[in-house]
Amino acid sequence: MVATDLEETQTDHEHVGYDRYKELKLLDDTKAGVKGLVDAGLSKLPKIFVRDSHELNISSSSSSSCAANFSIPVIDLGSLHKEGNSRHEIIQKVKEACEKWGFFQVVNHDIPESVLDEMLDGVRRFHEQDVEVKREFYSRDTTKRVFYNTNLNLYTAKEVNWKDTLYCVLAPGSLDPHQLPSICRDITIEYSDHVKKLSLTLLELLSEALGLESTYLKDIDCAKGVFMVGHYYPPCPEPELTWGLSGHTDSTFLTVLLQDQVGGLQVFHENQWLDITPIPGAFIINIGDMMQVITNDKFISAKHRVLAQKLGPRVSVACFLRQHIEDESPRTYGPIKELLTDENPAIYREINVTDLAKLIYTTKLDDDVSGLKHFRL
Ligand code: OGA
Ligand code: NI
């Protein structure tokens, strides 16, 4: 995958000039990521990071208009197992959040806050450790279960994002703990066990919110693949010129995201970008493209992004419920038959995660349109 990626990109960029490719390659070859640039005292942004002026205009008019009291729903899972109507009420809230926002936060989820804090700290420690140790993990080989790099789509994306990432395939199969960086090994194992359990609970709630048996989404293997990423967004000298993470939708069934208290994450909702304000101890849950396909657009995969900021670092950890893109026989998914009627016919063809990943990583997607339009019938 690595070699072909580079070759493709080389020809791709020829008409723009060779310099961009050279700059990307230089950054890649340092194996020190964006953090390496910051550590070297960089004060002006290299061109490869600069986003286009069309986007600059959009963001300056919209990011400042974030209504403080208009935000994604916060759902308290504390009473999930209590007697009475509380489970039903929670499911109603989940349903509404998935239909209207594609995003919500959960609190009282039973995972100790100390585990969340230690996970965020573990990711920070990984990125801030001795660069020689970190370099051992640097790779673009997505067949590896554990690796780190800057910008997975470095050579294909329109602009480079101001962040570095540690990747880890948690499922299917079991991960040999020794593959994990020792600096965050124990907490990664503990955290991922907790998040896998929480994910199953969430899939039950989503199944019921769709009017299906509670085990439906688990039974069709929505939780079979779990991919974890630990993002590190270094402080940025010229934050208005670039993105922490460009606007995108997730290719997942579901994403379980943990962010620290720095902020900068935004969701696109009803034609405006809204801040997702950090809540200590909360997880952000969002619907991904695969879920939008199987629910036939009932649940929406909303666009989101992370602003680059002067202050930092910002750390976040995302667990993606999605089959691994290197899976040799990826399962095919289309809209769930039980949800279809004459009035609500299937609007997507059957797709698998490889189709989706190919689209995301090799095509320069039109910013304002979801990649899913390519799979509409
Ligand atoms: C992602 C993502 C948001 C964040 O990794 O897909 O949207 O806060 N991350 O880092
Ligand atoms: Ni995302």
Side-chain angles (χ1 to χ4, degrees), residues 33-35 63 66 71-72 101-106 116 119-120 122-124 126-127 142 147-154 157 160-170 191 195 199 225-236 239 242-269 273-280 282-292 299-309 311-322 325 353 356-357 359-361 365 367 370-372:
V34 174
K35 174 151 196 321
S63 63
C66 286
S71 191
I72 63 170
W101 290 84
F103 264 81
F104 55 99
Q105 306 211 48
V106 293
L116 310 193
M119 185 69 249
L120 289 169
V123 170
R124 185 193 56 74
F126 173 81
H127 289 279
T142 51
F147 59 101
Y148 129 83
N149 64 36
T150 187
N151 290 252
L152 194 56
N153 55 357
L154 182 71
V160 182
N161 289 161
W162 199 257
K163 77 161 168 70
D164 302 326
T165 304
L166 172 65
Y167 309 85
C168 176
V169 178
L170 297 175
Y191 178 83
V195 170
S199 304
V226 187
F227 186 55
M228 179 171 135
V229 301
H231 296 306
Y232 184 90
Y233 301 86
C236 181
T242 189
W243 296 115
L245 177 55
S246 308
H248 68 283
T249 57
D250 291 352
S251 56
T252 58
F253 289 107
L254 198 67
T255 302
V256 179
L257 176 76
L258 172 65
Q259 66 169 336
D260 67 12
Q261 299 303 300
V262 174
L265 175 63
Q266 298 186 322
V267 61
F268 196 64
H269 179 74
W273 286 100
L274 299 174
D275 290 331
I276 299 185
T277 311
I279 301 175
F283 284 102
I284 296 154
I285 312 297
N286 68 283
I287 298 293
D289 294 343
M290 289 299 286
M291 187 67 80
Q292 180 165 336
F299 289 174
I300 55 167
S301 171
K303 202 163 148 181
H304 50 286
R305 69 183 184 191
V306 179
L307 303 177
Q309 298 176 96
L311 287 179
R314 173 180 185 270
V315 173
S316 68
V317 182
C319 281
F320 299 125
L321 266 58
R322 186 197 76 182
I325 51 172
V353 71
L356 199 55
L359 182 78
I360 293 167
Y361 293 120
L365 289 176
D367 266 338
S370 158
L372 285 182

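In listed order, ligands and their atoms are each counted from 1. If you read the sequence from its start, that first residue is 1, and numbering goes on from there.
The side chain to side chain contact (heavy atoms under 4.5 Å, CB included) check on Ile279 picks up Val74, Gln105, Val107, Ala282, with sequence neighbours excluded. Listed by chain and number, the residues in a side chain to side chain donor-acceptor pair (under 3.5 Å) with Ser316 amount to none (sequence neighbours excluded).
A distance of 9.0 Å separates CD1 in Ile72 from CZ in Phe104, rounded to the nearest 0.5 Å. Interatomic distance, Ile285 CD1 to Phe103 CZ, rounded to the nearest 0.5 Å: 10.0 Å.
For ligand 1, residues of the protein lying within 4.0 angstrom by heavy-atom distance are His231, Tyr233, Leu245, His248, Asp250, Leu257, Leu265, His304, Val306, Arg314, Ser316, Phe320.
Side chains of Asn149 and Tyr167: a donor-acceptor N/O pair is present below 3.5 angstrom, by distance only.
Tested against Arg314, the residues Gln259, Gln261, His231 include a single side-chain hydrogen bond (donor to acceptor under 3.5 Å, both in side chains) partner, Gln259.
With a 6.0 Å cutoff to the six-membered ring centre and a 45° limit on the axis angle, Arg305 counts as a cation-pi contact of Trp273.
Ring geometry for His127 against Tyr232 counts as parallel: the plane angle stays under 30°, on a 0 to 90° scale with 60° as the upper cut.
Residues Gly33 and Thr150 share a closest heavy-atom pair of CA-CB, 3.9 Å.
Protein N/O/S atoms closer than 2.8 Å to the Ni ion (ligand 2): His248 NE2, Asp250 OD1, His304 NE2.
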